[in-house]
Amino acid sequence: MTRTVQVLLGLVLVAVLVLALVWIFQRRLIYRPDATPVPALPGTEDVRLRTADGLELDASFVRPAQAPEATVLVANGNGGNRAGRAPLAAKLAQAGLAVLTFDYRGYGGNPGDPDEAGLALDVRAAYRFLVEDRRVPPERILFYGESLGCAVVAELALEHPPAGLLLRSPFVDLAAVGAEIYPYLPVRLLLRDRFPVRDEVARLRVPTVVVLGGRDSIVPPAQSREVAAAASARLVEIPDADHNDPVLLEGPELLDAVRSLVPR
């Protein structure tokens, strides 16, 4: 009996230690930044954003050859930096749209550490840049969210409704997708950052398109469909696409979906 109790206590201590480590280091599992500063990108204007808590963030602004029909504010996913979104920005510019890509705090050489509250400040700095610095009318701004970025722009849209909202591979909330990746952990109890995409888009009344890959191995397609239903969104499903396949990064279906939101 004593030996059994000792073993059980040992297992409990190990479990407590694992959970404590996950609690402490969870944001390193959520946010996967490429902290390398982004060099000047061809055809873009490097700009600086200032957040309400005093950070300066690097961003890139791309203009089309003619007067833009609308301006797209791009919120990245949890990995890499804005250099990986340059091909998307270039193709949107070719389609007649101006584009602002930016790096969150802790990404692309920016100061700070990412978390839910910080990303909300970062995207607001990007929005202010467009409206106050570049004088873009709010009714000509589209929000584009990629995976985690869907949560970032959905939350912003509650305060500043855009002309249209493009959600690429959205999840229901961070706990729901975390439970898929770490099914052996009590994710919902441990998470500090929530990102409740479904609940937020259900409160919006803006034209919305959800684009998803039918074979997404990161965000289950069923979750993206659930978000689309909550938002009363048009659904664009690319049957054989995985989360980071080129067709979901810059493919023609994605570009057409963005163009469909341009106000007429």
Side-chain angles (χ1 to χ4, degrees), residues 38-50 56-77 80-104 107-108 122-147 149-150 152-154 156-157 159-169 204-211 233-236 238 241 245-264:
V38 177
L41 300 171
T44 69
E45 176 189 359
D46 290 337
V47 299
R48 301 281 281 174
L49 313 176
R50 187 167 185 84
E56 288 198 350
L57 309 178
D58 288 331
S60 300
F61 191 59
V62 183
R63 297 182 181 87
Q66 66 277 20
E69 297 180 59
T71 298
V72 184
L73 170 56
V74 176
N76 300 338
N81 57 37
R82 72 185 189 282
R85 285 75 185 183
L88 169 67
K91 290 188 176 181
L92 289 174
Q94 291 170 7
L97 305 174
V99 185
L100 178 66
T101 60
F102 69 100
D103 282 316
Y104 305 124
Y107 289 70
D122 298 346
V123 76
R124 279 166 174 75
Y127 183 80
R128 284 196 306 274
F129 171 83
L130 291 177
V131 174
E132 297 175 7
D133 188 287
R134 297 305 161 98
R135 304 294 182 185
V136 180
E139 63 272 15
R140 306 302 297 183
I141 297 177
L142 306 177
F143 292 170
Y144 177 109
E146 171 200 309
S147 195
C150 296
V152 176
V153 292
L156 175 66
E159 183 177 332
H160 301 289
L165 180 65
L166 190 292
L167 303 176
R168 202 278 276 174
S169 305
L204 295 174
R205 295 295 180 268
V206 299
T208 302
V209 178
V210 169
V211 179
R234 183 168 72 89
L235 185 64
V236 177
I238 304 173
D245 284 352
V247 69
L248 283 179
L249 300 178
E250 54 184 283
E253 297 93 339
L254 182 66
L255 299 174
D256 288 345
V258 178
R259 285 279 313 163
S260 73
L261 290 167
V262 174
R264 303 303 176 187

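Since the structure is predicted, the reported quantities are computational estimates derived from the model, not experimental observations.
No donor-acceptor pair closer than 3.5 Å links the side chain of Asp245 to the backbone N or O of Val247. Not a single donor-acceptor pair under 3.5 Å links the side chain of Arg168 to the backbone N or O of Leu254. Remark: the backbone N or O of Val258 is not paired with any side-chain donor or acceptor of Ser260 at under 3.5 angstrom.
Val206 places a side-chain heavy atom less than 4.5 Å from the side chain of Pro162. Within the 4.5 Å cutoff, the side chain of Asp58 has heavy atoms near those of the Arg82 side chain. Residues Leu248 and Val211 meet the side-chain proximity criterion, which asks for heavy atoms closer than 4.5 Å. Looking at Leu204 and Pro161, their side chains never come closer than 4.5 Å, going by heavy atoms from C-beta outward. Side-chain contact between Leu100 and Val72: absent, with no pair of heavy atoms (C-beta onward) separated by less than 4.5 Å. Counting only heavy atoms from C-beta outward, the side chains of Phe61 and Thr101 never approach each other to under 4.5 Å. Between Pro68 and Leu97 there is no side-chain heavy-atom pair separated by less than 4.5 Å. Side-chain contact between Arg128 and Asp133 is absent, with no heavy-atom pair separated by less than 4.5 Å.
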* To do: Give the intermediate values and the outcome of side chain to side chain contact (heavy atoms under 4.5 Å, CB included) for residues Leu166 and Leu142.
  => CA-CA 8 Å; Leu166 190 292; Leu142 306 177; over 6 Å; no

* List the steps, then state whether side chain to side chain contact (heavy atoms under 4.5 Å, CB included) holds for Val236 with Val210. => CA-CA 6 Å; Val236 177; Val210 169; over 6 Å; no

* Please walk me through it: do Phe102 and Tyr104 pass ring pair (Phe, Tyr, Trp, His ring centres under 6.0 Å)? -> CA-CA 7 Å; Phe102 69 100; Tyr104 305 124; 5.5 Å; yes

* To do: Report the C-alpha distance between Leu49 and Asp122 in whole Å, list the side-chain angles of each, state the deciding distance to 0.1 Å, and finish with yes or no for side chain to side chain contact (heavy atoms under 4.5 Å, CB included).
  => CA-CA 8 Å; Leu49 313 176; Asp122 298 346; over 6 Å; no

* Begin from the C-alpha positions of Tyr144 and Val153 and carry the test side chain to side chain contact (heavy atoms under 4.5 Å, CB included) through to its verdict. => CA-CA 7 Å; Tyr144 177 109; Val153 292; over 6 Å; no

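With values rounded to the nearest 0.5 angstrom, Leu235 atom CG is found 12.0 Å from Thr208 atom OG1. Atom CD of Glu69 and atom CZ of Arg259 lie 4.0 Å apart (nearest 0.5 Å). Atom CZ of Phe143 is separated from atom NE2 of His160 by 7.5 Å, given to the nearest 0.5 angstrom. Leu57 contributes atom CG, which lies 10.0 Å from atom CZ of Arg50 (distance to the nearest 0.5 angstrom). Taking CG of Leu165 as the reference point, atom CD1 of Ile141 lies at 13.0 Å (rounded to 0.5 Å).
In summary, Arg63 and Glu45 engage in a salt bridge, as defined by a charged side-chain N under 4.0 Å from a carboxylate O. Using a 4.0 Å cut-off between charged nitrogen and carboxylate oxygen, Arg85 and Glu250 do not count as a salt-bridge pair.
Between the side chains of Arg134 and Thr71, no donor-acceptor pair of N or O atoms lies under 3.5 Å.
The two atoms that bring Val209 and Ala257 nearest to each other are CG1-CB, 3.9 Å, heavy atoms only. The two residues Leu41 and Ala83 come nearest to each other via the heavy atoms CD1-CA, 4.5 Å. Of all heavy-atom pairs spanning Ala70 and Val262, the tightest one is CB-CG1, 4.3 Å.
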